[in-house]
2 protein chains.
Amino acid sequence: MDNFIFENPTKIIFGKDMENSVGEEVRNYSKKILLHYGGGSIKKTGLYDRVVASLKAAEIEYIELPGVKPNPRLSLVREGIKICRENNIDFILAVGGGSVIDSAKAIAMGTVYDGDVWDFYTGKAVPEAALPIGTILTIPAAGSESSTGSVITNEDGWYKRSVDSTVIYPRFSILNPELAFTLPKYQVACGAADILAHLMERYFTNTKSVELIDRLIESTMKTIIKYVPIVLDDSTNYEAWAQVMWAGTVAHNNLFSTGRVGDWASHSIEHEISGIYDVAHGAGLAVVFPAWMKYVYKHDINRFVQFAVRVWNVEQDFFDPEKTALQGIEKLEEFFKTIGLPIRLEGLGITDDRLEEMADKGTDSDRRTLGNFVKLGKQDVYNILKLAQ
Amino acid sequence: MDNFIFENPTKIIFGKDMENSVGEEVRNYSKKILLHYGGGSIKKTGLYDRVVASLKAAEIEYIELPGVKPNPRLSLVREGIKICRENNIDFILAVGGGSVIDSAKAIAMGTVYDGDVWDFYTGKAVPEAALPIGTILTIPAAGSESSTGSVITNEDGWYKRSVDSTVIYPRFSILNPELAFTLPKYQVACGAADILAHLMERYFTNTKSVELIDRLIESTMKTIIKYVPIVLDDSTNYEAWAQVMWAGTVAHNNLFSTGRVGDWASHSIEHEISGIYDVAHGAGLAVVFPAWMKYVYKHDINRFVQFAVRVWNVEQDFFDPEKTALQGIEKLEEFFKTIGLPIRLEGLGITDDRLEEMADKGTDSDRRTLGNFVKLGKQDVYNILKLAQ
């Protein structure tokens, strides 16, 4: 187990009707905020009206910036930064899923930074401060509601890059499972893949003596595997949604990173896919992860056996670990198929061959490697994409 | 699953040699602190010297208050409050186990309160503020290093009472598993019982649809059950200690309380035992918990079956749930015995009969009930103590 520092200050406010207290929460920080959201869905569901009513009751002035798209764009972030600066805004409320929250985080960092906010995503600068943000989560998926991450897409070249910093932990996040009732099934499935991916990225590690966190991750995976099919079948099942939503947050709040080095190659590879093709992140992960596993499982077959047996209840073949390991990967693919996700690039509608280009871009022309469990060069990334075809 | 608010701001600094950075951490809060600790053990091990060196390097002035005993006393808390007030101290550093940390928390609340600190423990007042505190943990057990709890014993009548408040979350806690290497075996075992008890108090709930947290709790119990015997056998096994120490914190940092109502009757009953007899809290819990289980298991036999099968790997008898449930309780008793703990009052050296007195005191002469899984009156508490005889 590695030394670590763990600190997660996000206040989680979980349950029915909790969004109606958002005004009171915001008032602890600000009297004038940016209200950031996506398309029209929060207006259709009535969430927008409830949020605005709560803000007004708390006498909080707000300026709206809607229009966040999946794979949130740098141009909108820049617009948000301009608005915050010109209006002396000192708090951002993100109402939506991971894209809205990630966009809010970028605006929060950029507003208090003299240079260009993209510097943080290229590694040219490290964020030292950010405006405080709060969130009302509508999609269990990205875990951004209690994470240090933000992923933004730069339309100039379609680069999708991430930043990781404790300065962008939300101060509070409101999680009401009822808000997920109206999600389209495909989006629910993509969210499930994203949550599982966050767990698997952390699970596949070379760090030894990490059993507590191994088991906690397995528990969270089992929860997703059990309850996501239930909510797909019964979209207003509050209790099942509550399990999925809380699991999605716990999966990515960094507790499961403690004392170990995660992998994250699959996320990087997926960013190249969704950067170019603008597919849903979760769907991209459902395609990349099984391919990545098939490419690397021999590196630590025992860990893949543990994954198969403990997470997927595979009957262990004690004389053939490889068989057991591969059955675990098959079970993962089956699960993705069952919930309606593609497991090959073709299923994402990607039929042209830009694998070489993606492998090149993802590794900066083979100048950097991806992942930690196995360090992947350009050729490895190409091979994985080929397995995903 | 119930609505909940979860917020845990404690910064965990985990690993080898981490205590050497304590001065830098403290400097974020204060230049003049109370250094609070127990007997001489931190001097014998050299920990005291390293802490003082780090404080001096960071130019932090400190006033010492040693002498915290197991089942920490109100009189020392009052002395600490006096020292803090007279010297304008604005931070408390607790170096030790749960008793030292609980004592520091009491001083932290009492210093900024006009009335008597005991008011918080009797429920006469609710703490609204406290001095910030930091900890260096030496005993994995109480979980106080990242909890909202503090338990103090009032020598005037030997009342042992607790308080629960977010204002006493430590700002940081330093966890170096090496600091546990020198613990006596009995203390290690008592710590293990305390950790398991924190997990079981949360596990046995009437709240439905709580599977994620159920599984996370089971995972943490399994970690304790596996690694405590290893550290008892091999006291300098860093990797095993790391699992135990981090599990001990995770067990009690309130994540596992989210969305559910815990029980806590066994803790209350144990407080009556250690309040009178001054036995180790963990040893008292090892005696009370199996007796409590035998008294209440019929209330929700399925939960006890799940406990037996998932935590203790009991082979389920599908036609006789009661048998399976009882086997789980037996396994718990066996575990306590294996690690050297008593499982009856006699083993604690308690051979006189003050059961009636304890049941009376614990329930305020039957004016309040204990626990939530099953609400226990005075007669119930008496019956449980009788089962523990």
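Chain A is the first sequence line, chain B the second, and so forth, proteins listed ahead of strands; every chain is numbered from 1. Only heavy atoms go into these numbers, but all of them, side chains included; no hydrogens, no water, no symmetry mates.
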Rounded to the nearest 0.5 Å, the CD atom of A:Glu211 sits from the NZ atom of B:Lys222 at a distance of 9.0 Å
Tell me the residues of residues 128-136 of chain B whose non-hydrogen atoms fall below 4.5 Å from those of chain A, in number order.
none
Do the non-hydrogen side-chain atoms of A:Lys208 and B:Glu239 ever get within less than 4.5 Å of each other?
no
Given A:Asp214, A:Leu175, A:Ile174, A:Val210, the one with more heavy-atom pairs under 4.5 angstrom with chain B than any other is A:Val210
Distance check, rounded to the nearest 0.5 Å: B:Asn8 atom CG versus A:Asn8 atom CG?
9.0 Å
Shortest non-hydrogen contact between A:Leu212 and B:Gln243, atoms and distance:
N-OE1, 2.7 Å
Contact listing (chain A partner; residues 193-200 of chain B; heavy atom under 4.5 Å)
none
Engaged part of A:Phe172 at the chain B interface, taking heavy atoms whose separation is under 4.5 Å
neither
Which residue out of B:Leu255, B:Thr220, B:Thr223 racks up the most heavy-atom pairs below 4.5 Å with chain A?
B:Thr223
Residues 224-234 of chain B: residues contacting chain A (heavy atom under 4.5 Å, by number):
B:Lys226, B:Tyr227
Starting at CZ of A:Phe6, measure out to CH2 of B:Trp246 and round the result to the nearest 0.5 Å.
6.0 Å
Shortest non-hydrogen contact between A:Ser219 and B:Leu216, atoms and distance:
CB-CD2, 3.8 Å
Here the gap from B:Glu218 atom CD to A:Glu218 atom CD, rounded to the nearest 0.5 Å, amounts to 12.5 Å
Those residues of residues 9-21 of chain A that come under 4.5 Å of chain B on a heavy-atom basis, listed by number, are A:Pro9, A:Thr10, A:Lys11, A:Ile12, A:Ile13, A:Phe14, A:Gly15, A:Lys16, A:Met18
CZ-CE distance between A:Arg215 and B:Met221, expressed to the nearest 0.5 angstrom
12.0 Å
